[in-house]
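What follows is a single structure, written as C-alpha cells, with notes after it.
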Amino acid sequence: MKNNIEKVVDKLLTAKFVVVFTGAGVSAESGVPTFRDKDGLWQKLKPEELASFDAFMRNPDLVTEWYSHRRKIMTQVQPNPGHYAIAEMESLFEQFAVVTQNVDNLHRRAGSRRVYELHGNIERNYCIKCKKYHELKDIFPDKAIRCECGGLIRPDVVWFGEMLPEDQYQESIVCATSCDILFSVGTSAVVYPAAYIPIYAKRSGAFLVEINMNFTEISDIADVVLIGKSGEILPKIVEEFKKQKTRIA
Ligand code: OAD
C-alpha cells in the first residue's frame, strides 16, 4: 500500500502544471503569526478595527502602527524550508505557479518567480489620494504618514470589504482551472473569494492535495490530506519526487 506522500508523488510524476495555493500557515514556521489559530491575530484583535478602510480613516495612527509592526516582523524573518521547497518546484514542472493569500513576500524572497498575490504585499505602500507608491524600506512609522500631495499613505494590502486585485485574481483562476495538481497549504480556506481557488481546481478535475496542521473546510473535497507542518512535508515531497524522477529517467 502506498502512503499519502507516495500517492502525491505518483501524481506529480505525470503532472505538467502544478499550482500551490498558500495561506498564513506556510509562514508560521518563519515566525509570522497566523490569523485563526489558537494564538492567531484575530483571537486577540478585531479585524474590523484594524483591517478595513473605515478603520484606517477612523484611526490612521493605530492602523499605521499595526501594519508597521507586522511589516517589521515580516521583513526580519526568513523564508522557511516550505517556501524553499515551493520555490524549487518551479524548476521541476513544465508550468508552475504560486497563488498566495500572504502579504509577507516570503515566496519571492525564497526564489519563487511566478507568484500571484491575492491579498497584496505589505512591503508596498501607496497614497490613497494620488495613488503614488512609497518606498518605506527600514521605516516603521508609529503614526500615520502623508504623501507630498497631503494624502494618507496606506499599505498595499486587501482589507475586509475591498476587492481583490483583478489581474491577480483572474490569473489565479486560470491557474486553478487549468492545473493538474493543486496544493492547498497552510490555509483555513474560509476567506472568500480566495478560498474559491482550491474549489475551482477540484471542479476542473485537478488532483487536490491539502497540507495543514489540522483538517479544514476543504479537507472533505481533497484527494489527499497531509496533516503536519508544511516546512517538513513539502521538502519530503520534493525529495521523493526527485528520487522517483531520476529512477524513471
Ligand atoms: P488562517 O490563520 O485562517 O489559517 C492558517 C492555517 O494554517 C490554519 O488552518 C492552520 O491549521 C494552518 N497552519 C498553522 N501552522 C502551520 C504549519 N506550520 N504548516 C501547515 N499549516 C499550518 O490564515 P489564512 O487561511 O491565510 O486576509 O487566512 C486567510 C486570510 O484571512 C488572510 O489572508 C487574511 C486573514 O484575514 C486578509 O487580511 C484580507
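Counting starts at 1 for both ligands and their atoms, following the listed order.
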With sequence neighbours left out, which residue pairs that include part of residues 221-249 fulfil the ring pair (Phe, Tyr, Trp, His ring centres under 6.0 Å) condition?
Phe93-Phe241
My understanding is that only residues two or more places apart in sequence, or in another chain, count here; which of them pass ring pair (Phe, Tyr, Trp, His ring centres under 6.0 Å) with Tyr169?
none
When you check ligand 1 against the protein, what N or O pairs turn up below 3.5 Å? List the atom names and distances, or just say none.
residue	atom	partner	partner atom	Å
ligand 1	2 (O)	Phe35	N	2.7
ligand 1	2 (O)	Arg36	N	2.7
ligand 1	3 (O)	Arg36	NH1	2.7
ligand 1	3 (O)	Ser188	OG	2.5
ligand 1	4 (O)	Ser188	N	3.4
ligand 1	7 (O)	Gly186	O	3.2
ligand 1	9 (O)	Asn212	OD1	3.3
ligand 1	9 (O)	Asn212	ND2	3.0
ligand 1	11 (O)	Asn212	OD1	2.6
ligand 1	11 (O)	Asn214	ND2	3.2
ligand 1	18 (N)	Glu29	OE2	2.8
ligand 1	19 (N)	Ser230	N	3.0
ligand 1	19 (N)	Ser230	OG	3.3
ligand 1	25 (O)	Thr187	OG1	2.7
ligand 1	25 (O)	Ser188	N	2.9
ligand 1	25 (O)	Ser188	OG	3.3
ligand 1	26 (O)	Ala24	N	2.8
ligand 1	27 (O)	His119	ND1	3.4
ligand 1	28 (O)	Arg36	NH1	3.1
ligand 1	31 (O)	Arg36	NH1	3.0
ligand 1	31 (O)	Arg36	NH2	3.1
ligand 1	33 (O)	Gln101	O	3.3
ligand 1	33 (O)	His119	ND1	2.8
ligand 1	36 (O)	Arg36	NH2	3.4
ligand 1	36 (O)	Trp42	NE1	2.9

Classify the ring geometry of His107 against His83: parallel below 30°, tilted from 30° to 60°, perpendicular beyond 60°.
perpendicular
Side chain to side chain donor-acceptor pair (under 3.5 Å) against Ser230, all qualifying residues, sequence neighbours excluded
none
Answer yes when Asp180 and Lys11 have at least one side-chain N-carboxylate O distance shorter than 4.0 Å, and no when they do not.
no
With a 4.5 Å cut-off on side-chain heavy atoms, are Ile218 and Ser184 touching?
yes
